[in-house]
J.: 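Starting off with a structure, shown below.
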Amino acid sequence: MSSRPETIEWIGSTDGHLCLIDQTLLPTDLQRIDCKDVETVWEAIKMLRVRGAPAIGIAASYGTLAGLQTVDDQDAAAFKARFEEVTKYLETSRPTAVNLFWAMDRMRNCFAENESMACGDLRSRLLEEARAIHAEDRQMCHSIGKHGAGLLGGVSGVLTHCNAGGLATAEYGTALSVFFTAQDQGHDLHVFVDETRPLLQGARLTAWELMQRNIKATLICDSMAAQVMKEGKVQAVVTGADRIAANGDSANKIGTYSIAVLAKAHNIPFYIAAPSSTFDLSIQSGEQIPIELRGSDEITNGFGRQTAPDGVEVYNPAFDVTPAELIRAIITERGVIDPVTSSGVADVVGAAVG
Ligand code: MRU
């Protein structure tokens with residue numbers, strides 16, 4: 001691995017702070033920002049300084065600790081009220097990635113189970129829980145890589161969309177973990193990277209991560225995926241996910257659905273790689289997944305230049321939902337879901353999140 005700083009790090013004890021790579025500055029500047037209060041954590045999530053479903057959940061878990069620093073340990077009722085306020089507030093930062101809500105529920109359960117403790121001890125327990133969420137994600141990513149690499153036998157070219165790498169998780173990633181593990185096993189892959197309009201997570205982040213790992217990466221505009229498939233350059237597609245419904249319908253970065261349709265048309269397997277924390281078994285299908293709508297500026301004035309006329313109407317959904325029938329398999333830390341059906345999902349991750 002390269003020696004780059006951690007994507008997310010809690011520095012110090014319960015009175016410490018959150019330190020994040022500011023992903024909006026990549027690939028030109030590798031800088032970290034300190035988040036010393038919950039508002040700064042919220043802003044970092046909202047503005048995609050920290051992004052990717054698992055990373056959002058981890059950052060928000062630590063964010064609860066930052067939010068509790070304004071409250072006195074002597075007042076248990078105020079401590080509880082502040083905890084409730086802070087977790088609810090963090091949940092308003094972004095709606096689609098279920099890992100955020102999953103992580104807040106973990107923190108709430110931890111609070112409820114330890115409510116009889118003195119506030120100082122409860123604070124320490126909450127920090128332990130946030131650190132556990134962080135450490136578990138690291139493990140899950142490595143396991144996803146191991147399960148996924150086996151699916152790429154005979155594959156030389158793969159396509160990915162957005163960024164599902166170490167920047168989107170505790171470390172190693174989900175989709176990229178599959179490529180990193182294949183590489184560790186001596187399998188040379190050539191990864192075609194969709195640039196991922198409008199915020200260019202593919203160009204800015206995935207291409208950067210792959211190059212750091214010396215994996216052959218070729219950047220393409222999103223609209224080139226069909227041509228790359230037609231030319232036979234890729235034999236598999238692997239992406240991450242932000243929320244997976246009980247029937248396997250999977251929300252991921254806008255444009256993923258188009259790629260899955262294209263993969264079907266070219267008879268290329270389309271895989272999703274995601275941890276069990278990305279499954280939302282409370283919803284039956286992708287129809288119920290909330291899709292984040294973001295500002296028009298991201299499309300009309302991306303990266304400092306106006307590229308559309310003043311006043312033009314814009315529609316900017318940040319995610320789309322790929323129907324289960326287009327997904328060849330879902331790679332989780334617990335094993336591979338294949339076929340992608342409600343019972344397949346329940347068999348592999350039902351116990352984890354049901
Ligand atoms: O808007 P973003 O950059 O947070 O969207 C991220 C994605 O869509 C990722 O593919 C997904 O969260 C999986 S990250 C392991």
Side-chain angles (χ1 to χ4, degrees), residues 1 4-10 18-21 23 26 35 41-42 44-46 48-64 87 90-91 93-107 129-148 160-181 196 201-202 205-206 209 238-244 250-253 256 271-281 289 292 318-319 330-334 337 348-349 352-353:
M1 279 294 288
R4 78 156 195 247
E6 289 198 52
T7 302
I8 302 166
E9 191 177 4
W10 180 264
L18 183 60
C19 189
L20 303 168
I21 293 180
Q23 298 185 36
L26 286 170
C35 302
V41 177
W42 187 95
I45 296 172
K46 180 80 187 169
L48 278 61
R49 300 185 198 288
V50 60
R51 32 97 11 234
I56 292 170
I58 298 163
S61 306
Y62 288 126
T64 60
T87 45
L90 285 164
E91 283 179 338
S93 56
R94 295 192 74 191
T96 303
V98 77
N99 308 60
L100 168 63
F101 305 90
W102 170 87
M104 292 300 89
D105 282 347
R106 281 262 313 241
M107 297 302 281
E129 188 68 3
R131 288 196 192 282
I133 288 170
H134 196 174
E136 285 165 28
D137 188 69
R138 191 172 279 124
Q139 285 309 315
M140 290 195 282
C141 287
H142 282 277
S143 300
I144 287 170
K146 287 186 187 127
H147 288 297
T160 192
H161 189 71
C162 195
N163 173 266
L167 290 165
T169 59
E171 179 193 76
Y172 227 55
T174 57
L176 294 201
S177 171
V178 174
F179 308 154
F180 296 157
T181 307
T196 316
Q201 289 92 332
L205 310 176
T206 299
E209 284 200 52
V238 190
T239 76
D242 288 82
R243 190 184 293 233
I244 304 174
S250 300
N252 191 49
K253 177 54 54 193
T256 304
Y271 299 107
I272 293 272
S276 51
S277 51
T278 300
F279 286 76
D280 181 355
L281 300 189
I289 298 178
E292 177 181 13
F319 299 94
I330 302 179
I331 307 155
T332 78
E333 82 281 9
R334 297 179 164 233
I337 301 172
V348 178
V349 296
V353 289

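On a predicted model such as this, the values are computed, not experimentally measured, just so you know.
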J.: Ile8 and Val50: side chain to side chain contact (heavy atoms under 4.5 Å, CB included), yes or no, with the steps?
T.: CA-CA 8 Å; Ile8 302 166; Val50 60; 4.2 Å; yes

J.: Go through the structure and list residues passing side-chain contact (heavy atoms from CB on, under 4.5 Å) with Ala274, not counting sequence neighbours.
T.: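 By the side-chain contact (heavy atoms from CB on, under 4.5 Å) rule, Ala274 matches Ala241, Ile244, Ile272, Thr278.
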
J.: Could you check whether Gln23 and Arg49, counting side-chain N and O atoms only, form a donor-acceptor pair closer than 3.5 Å?
T.: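 Not at all, the side chains of Arg49 and Gln23 share no donor-acceptor pair under 3.5 Å.
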
J.: His147 and side chain to side chain contact (heavy atoms under 4.5 Å, CB included): which partner among Thr181, Ile331, Val178?
T.: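 Of all the options given, the one that passes is Ile331.
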
J.: For Leu20 and Cys35: C-alpha separation, side-chain torsions, deciding distance, then whether side chain to side chain contact (heavy atoms under 4.5 Å, CB included) applies.
T.: CA-CA 8 Å; Leu20 303 168; Cys35 302; 3.7 Å; yes

J.: Can a donor-acceptor pair be found between the side chains of Asn163 and Arg51 at a distance below 3.5 Å?
T.: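 A donor-acceptor contact under 3.5 Å links the two side chains.
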
J.: Closest approach of Gly202 and Thr196, non-hydrogen atoms and distance?
T.: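 So the minimum-distance heavy-atom pair works out to N-OG1, 3.5 Å.
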
J.: For the pair Ser61 (side chain) and Ala130 (backbone), establish whether a donor and an acceptor sit closer than 3.5 Å, ignoring hydrogens and angles.
T.: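 No, because the side chain of Ser61 does not come within donor-acceptor range (under 3.5 Å) of the backbone of Ala130.
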
J.: Which atom pair, heavy atoms only, marks the closest approach of Thr174 to Gly240?
T.: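 It is OG1-CA, 3.9 Å.
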
J.: Which heavy-atom pair separates Ala273 from Val238 by the least distance, and what is that distance?
T.: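 What the structure gives for the nearest pair is CB-CG1, 4.2 Å.
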
J.: Could I get the full list of side chain to side chain donor-acceptor pair (under 3.5 Å) partners for Arg94, not counting sequence neighbours?
T.: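 With sequence neighbours excluded, Arg94 shows a side chain to side chain donor-acceptor pair (under 3.5 Å) to Glu292, given in chain and number order.
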
J.: Assess the residue pair Met107 and Glu129 against the criterion (side chain to side chain contact (heavy atoms under 4.5 Å, CB included)); give the C-alpha distance rounded to whole Å, side-chain angles, the decisive distance to 0.1 Å, and a yes or no.
T.: CA-CA 7 Å; Met107 297 302 281; Glu129 188 68 3; 3.9 Å; yes

J.: Does a side-chain heavy-atom distance below 4.5 Å link Val348 with Phe279?
T.: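 No, their side chains stay 4.5 Å or more apart.
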
J.: To the closest 0.5 Å, what do you measure between CD1 (Ile58) and CD1 (Ile56)?
T.: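 CD1 of Ile56 is found 10.5 Å from CD1 of Ile58.
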
J.: For Ser93, which residues count as a side-chain contact (heavy atoms from CB on, under 4.5 Å) partner, sequence neighbours excluded?
T.: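 Per chain and number, Ser93 pairs via side-chain contact (heavy atoms from CB on, under 4.5 Å) with Trp42, Ile45, Leu100.
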
J.: Examine distances only and state if a side-chain atom of Thr332 and a backbone atom of Ser276 form a donor-acceptor pair shorter than 3.5 Å.
T.: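 Absent.
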
J.: Over all heavy atoms of both residues, which pair between Ser277 and Met140 is shortest? Give the atoms and the distance, please.
T.: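 Nearest pair, atom of Ser277 first, then Met140: OG-CE, 3.9 Å.
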
J.: Return the set of residues passing side chain to side chain donor-acceptor pair (under 3.5 Å) with Thr7 (not counting sequence neighbours), or none when no residue passes.
T.: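 Testing Thr7 for side chain to side chain donor-acceptor pair (under 3.5 Å), a comparison that skips the adjacent residues, returns none.
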
J.: Would you sort out whether Asp280 and Phe101 count as a side chain to side chain contact (heavy atoms under 4.5 Å, CB included), showing the intermediate values?
T.: CA-CA 10 Å; Asp280 181 355; Phe101 305 90; over 6 Å; no

J.: Less than 4.5 Å apart, any side-chain heavy atom of Cys141 and any of Glu171?
T.: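 Contact flag for Cys141/Glu171 side chains = no.
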
J.: Looking only at heavy atoms, which two atoms of Ala164 and Thr206 are closest? And how far apart?
T.: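 Looking at all heavy atoms of both residues, the shortest contact is N-OG1, 4.5 Å.
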
J.: Tell me, do Leu90 and Val41 make a side-chain contact under 4.5 Å, heavy atoms counted?
T.: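 They are in side-chain contact.
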
J.: Would you give the length of the straight line joining atom CE of Met104 to atom CG of Asn99, rounded to the nearest 0.5 angstrom?
T.: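 One gets 11.0 Å once the value is rounded to the nearest 0.5 Å.
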
J.: When you measure from the side chain of Asp137 to the backbone of Thr169, do you find a donor-acceptor pair of N or O atoms at a distance under 3.5 Å?
T.: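 No; judged by distance alone, with no hydrogens or angles, the pair does not exist.
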
J.: Using 0.5 Å steps for rounding, measure from the CD1 atom of Ile144 to the CD1 atom of Ile330.
T.: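 These two atoms lie 11.0 Å from each other.
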
J.: Go through the structure and list residues passing side chain to side chain donor-acceptor pair (under 3.5 Å) with Glu136, not counting sequence neighbours.
T.: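 Once residues adjacent in sequence are excluded, the partners of Glu136 under the side chain to side chain donor-acceptor pair (under 3.5 Å) criterion are Arg106.
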
J.: Looking at residues at least two apart in the chain, or sitting in another chain, which of them share a salt bridge (Lys or Arg N to Asp or Glu O under 4.0 Å) with Glu6?
T.: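 Here the qualifying residues are Arg138.
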
J.: Quick one: list whatever passes ring pair (Phe, Tyr, Trp, His ring centres under 6.0 Å) with Tyr62, sequence neighbours left out.
T.: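 Trp10, His134.
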
J.: Looking at every non-hydrogen atom in both residues, tell me the closest pair between Thr160 and Thr239 and how far apart they are.
T.: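 Looking at all heavy atoms of both residues, the closest pair is OG1-CA, 4.1 Å.
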
J.: With His142, which residues qualify under ring pair (Phe, Tyr, Trp, His ring centres under 6.0 Å), at least two apart?
T.: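 His142 satisfies ring pair (Phe, Tyr, Trp, His ring centres under 6.0 Å) with Tyr172 once adjacent residues are dropped.
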
J.: Who pairs with Gln201 by side chain to side chain donor-acceptor pair (under 3.5 Å), at least two apart in sequence or on another chain?
T.: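 Scan of Gln201 (side chain to side chain donor-acceptor pair (under 3.5 Å), adjacent residues dropped) gives none.
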
